[in-house]
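First the structure, in the form of structure tokens, and then the observations on it.
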Protein chains: 2
Amino acid sequence: MQLDERKYLILQAIIDDYILTAMPVGSRTISRKSGVGFSPATIRNEMSDLEELGYLDQPHTSAGRVPSNKAYRLYVDHLIKGSKLTSDERERMHDHLVARSKQVESVIRSAAGVLSDATKYTSVIVAPKLGTLRIRHVQLVPVAERTALMIIVTNAGIVKDAVIRVPEGLDADDLYSISRVLTQKLADKPLEGVRQAFSELLRGAEQNRKLLGEALQVIEKRLEAGGDASDVIVGGSTNLLEYPEYSDVNKARSFLSVLESKDTLRKLFSRDGSMEVSIRIGPENQLPALNDCSIVTASYRLGDRSTGTLGIIGPTRMNYNRVISVLDFMSRALSDVLSEYQ
Amino acid sequence: MQLDERKYLILQAIIDDYILTAMPVGSRTISRKSGVGFSPATIRNEMSDLEELGYLDQPHTSAGRVPSNKAYRLYVDHLIKGSKLTSDERERMHDHLVARSKQVESVIRSAAGVLSDATKYTSVIVAPKLGTLRIRHVQLVPVAERTALMIIVTNAGIVKDAVIRVPEGLDADDLYSISRVLTQKLADKPLEGVRQAFSELLRGAEQNRKLLGEALQVIEKRLEAGGDASDVIVGGSTNLLEYPEYSDVNKARSFLSVLESKDTLRKLFSRDGSMEVSIRIGPENQLPALNDCSIVTASYRLGDRSTGTLGIIGPTRMNYNRVISVLDFMSRALSDVLSEYQ
DNA sequence: CGTTAGCACTCGACGTGTATGAGTGCTAAC
DNA sequence: GTTAGCACTCATACACGTCGAGTGCTAACG
């Protein structure tokens with residue numbers, strides 16, 4: 001059976017209503033809606049068909065119908081009607097971002113806040129993959145005998161630091177000049193290409209071989225680790241508790257546990273290169289704890305190559321319209337603000 | 001009425017039991033306990049006295065008794081019997097800490113993890129006040145025309161960075177040598193004393209007055225702000241949801257909201273200079289949302305003057321014994337690990 | 001032939017009534 | 001001073017009946 005015009009209309013009405021109320025919706029409710037000129041009985045027949053086709057579920061015999069994941073999929077793919085943000089809203093969001101633009105990390109943090117406030121769901125922002133960032137500056141700072149702090153400033157202004165051991169006998173001035181050389185040689189190289197740059201350096205400078213080797217090791221370890229906890233920012237983690245689907249503490253807990261594991265989040269919110277908004281519904285997330293959550297993601301740019309992810313996680317019955325427009329706007333806004341660091 | 005020996009014994013038994021079960025405890029339960037050789041009737045008489053004295057509450061006529069906040073206060077002040085951690089446990093905790101000792105921030109982060117795992121409550125660690133840290137290194141890195149990133153490395157290895165505007169015409173080399181001077185002049189000064197050091201500098205170097213002024217402003221703004229979100233680390237925020245007092249979603253939510261506000265946490269976990277473990281019970285926290293939470297804090301050292309706070313937040317009926325010993329141990333362990341950065 | 005009114009049926013939500021049991025306070029006996 | 005006994009209280013659990021929202025089916029209607 002193919003879905004005809006009327007079935008689309010009814011299905012859309014059901015989803016719209018369910019998104020709003022979280023209550024199973026009955027035939028009378030739909031019938032009363034403006035735009036649907038049929039009696040409850042007719043609607044019932046159509047609903048029965050839609051259920052057979054897998055677009056609706058019935059919690060129990062005498063309850064209304066609830067959209068299935070298949071229905072949401074159809075909804076976001078075909079039925080969605082783009083909604084506009086008011087220019088007032090856009091302005092407000094943009095202002096929030098710019099107010100904090102002194103530091104990259106705080107921009108991202110406030111972006112997470114804006115996202116979760118605007119949508120009332122939970123927002124997640126993942127910083128760009130370290131490997132794609134370009135080195136701008138390298139600095140070795142002595143902290144103790146034979147120990148130094150290596151600081152790497154990237155084109156995103158993001159500062160990465162790590163403690164490394166250094167050969168004996170190097171004083172602050174030595175480290176200073178080594179830093180200078182390192183910066184000169186490595187500037188504008190992406191972090192992931194740093195191995196090659198280093199091996200060239202190693203050939204040249206015999207006496208600092210050990211120091212450089214250690215530095216390289218540290219950088220590579222960081223790249224492998226795929227970033228630390230501060231690379232994943234979560235906003236509005238308690239927002240979801242407002243919704244009836246989380247009135248059960250156990251559900252709430254399993255959801256919140258997911259938010260605690262930054263590694264899981266990083267995987268969940270990784271994307272291919274495209275800039276388009278992407279939506280994963282319920283089980284499409286491959287994580288039992290998120291079986292009735294949807295994840296909507298978009299990308300933001302930082303520099304020429306590197307992109308990070310910003311996204312929303314909410315109940316499957318989320319207001320996709322709103323979320324998509326907010327993400328779409330914020331993806332641009334965030335890219336714009338961050339490009340000023342270039 | 002004064003509390004005699006027996007009342008102490010009974011009160012302690014009640015608290016111990018309630019901490020374990022979270023259920024109002026009746027006279028029979030106490031009577032059965034080894035160590036208390038009285039019949040339920042006798043216990044009842046004593047309980048009645050204890051209630052009148054304000055140490056016990058009765059949820060309703062035919063329920064058992066529940067310890068009041070006054071009882072907990074007495075408990076932690078007098079009744080507590082120090083418990084020892086097994087050396088096995090100590091070792092495990094210590095190892096966890098050391099495993100991550102490459103970066104200060106990750107040490108603190110993993111300390112929060114260890115604390116919440118060991119206690120099954122929520123842990124909070126507050127980094128030392130910025131003002132008490134000493135400057136080790138200052139570095140200006142060019143990021144764009146007239147813009148530079150100022151990086152300050154402190155004795156904790158903690159890196160603070162901020163974008164500042166610089167006068168026109170300064171190239172990378174200029175910034176390099178300015179950094180060198182700044183580092184030389186400011187090294188070993190505490191951040192809070194930096195204003196004075198700067199004004200001396202300002203008198204000397206006429207041509208960079210503007211740059212230095214901006215840098216000083218940025219530093220002071222940071223000091224005022226009292227640190228950013230990354231200075232407060234929370235571990236095991238969902239742990240408390242395991243306990244029956246949070247089976248109500250609204251309670252859970254209001255608790256979790258507190259954890260989201262880093263400013264509130266910073267205030268809640270600030271301490272005077274002492275290194276002793278301190279306990280605040282229920283309303284002593286001055287925050288309605290935490291009326292049935294207790295907060296236990298200790299200090300850790302970082303360098304000669306500066307201290308940070310580590311603490312646990314849990315239900316008022318928390319296992320104070322265990323929490324105190326864990327905090328006591330971790331306060332030392334953390335100080336030790338961090339002192340290696342000095 | 002599609003649409004709709006009518007009707008019997010289902011099932012969760014809610015309120016009421018009753019039994020149960022844990023726990024208390026009091027009194028009298030030990 | 002301690003304890004056994006007993007009447008009393010009250011939350012909890014369970015059974016039962018009512019109510020109402022919603023369904024599926026059938027027959028009538030245009």
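Protein chains get the first letters and strands the later ones, always in sequence-line order, with residue 1 at the start of each.
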pair_partner(D/dC25), Watson-Crick or wobble, both distances < 3.5 Å, evaluates to C/dG6
Can you check the B/Y18 OH to C/dG23 P distance for me, whole Å?
-> 14 Å
How about B/E89: does its CD atom have over 12 heavy atoms from other parts shown lying under 6.0 Å from it?
-> yes
Can you name the closest pair of heavy atoms from B/L85 and B/R90 and give their distance?
-> O-NE, 3.7 Å
Any strand is fair game: report the nucleotide pairing with D/dG20 by Watson-Crick or G-U wobble, both distances under 3.5 Å, or none.
-> C/dC11
Length of the line joining A/N45:CG and D/dC25:P, which is rounded to integer Å = 9 Å
More than 12 heavy atoms of other groups within 6.0 Å of A/R28 CZ = no
May I have the distance from A/K7 (atom NZ) to C/dG2 (atom P), rounded to whole angstrom?
-> 11 Å
Do the side chain of B/R271 and the main chain of B/S274 share a donor and acceptor less than 3.5 angstrom apart?
-> yes
Atom NZ of A/K120: over 12 foreign heavy atoms under 6.0 Å | no
Between B/E46 and A/M47, just flag the one whose closest nucleotide in DNA chain D comes earlier from the 5' side.
-> B/E46
Residue B/S39, side-chain heavy atoms: nucleotide from D/dA4, C/dT4, D/dA11 that is nearest | D/dA4
Side chain of A/H60 - closest among C/dG25, C/dG12, C/dT24 = C/dG12
Please report, rounded to the nearest Å, how far the C1' atom of C/dG25 is from the CD1 atom of B/I43.
-> 15 Å
Grab the CE-P distance between B/M23 and D/dA11 for me, whole Å please.
-> 14 Å
May I have the distance from B/D49 (atom CG) to C/dT24 (atom C1'), rounded to whole angstrom?
-> 14 Å
Do NZ/NE/NH1/NH2 and the carboxylate oxygens of B/R73 and B/D77 come within less than 4.0 Å?
-> yes
Please give the nucleotide sitting opposite C/dC30 as a Watson-Crick or G-U wobble pair, both distances under 3.5 Å, or none.
-> D/dG1
Listing time: all N or O pairs from protein to nucleotides 15-22 of chain D that are below 3.5 Å?
from, atom 1, to, atom 2, distance (Å)
D/dG22, O4', A/S62, O, 3.4
D/dG22, O3', A/A63, O, 3.4

The side chain to side chain contact (heavy atoms under 4.5 Å, CB included) partner of B/L11 among B/I30, B/L50, B/D16 is B/L50
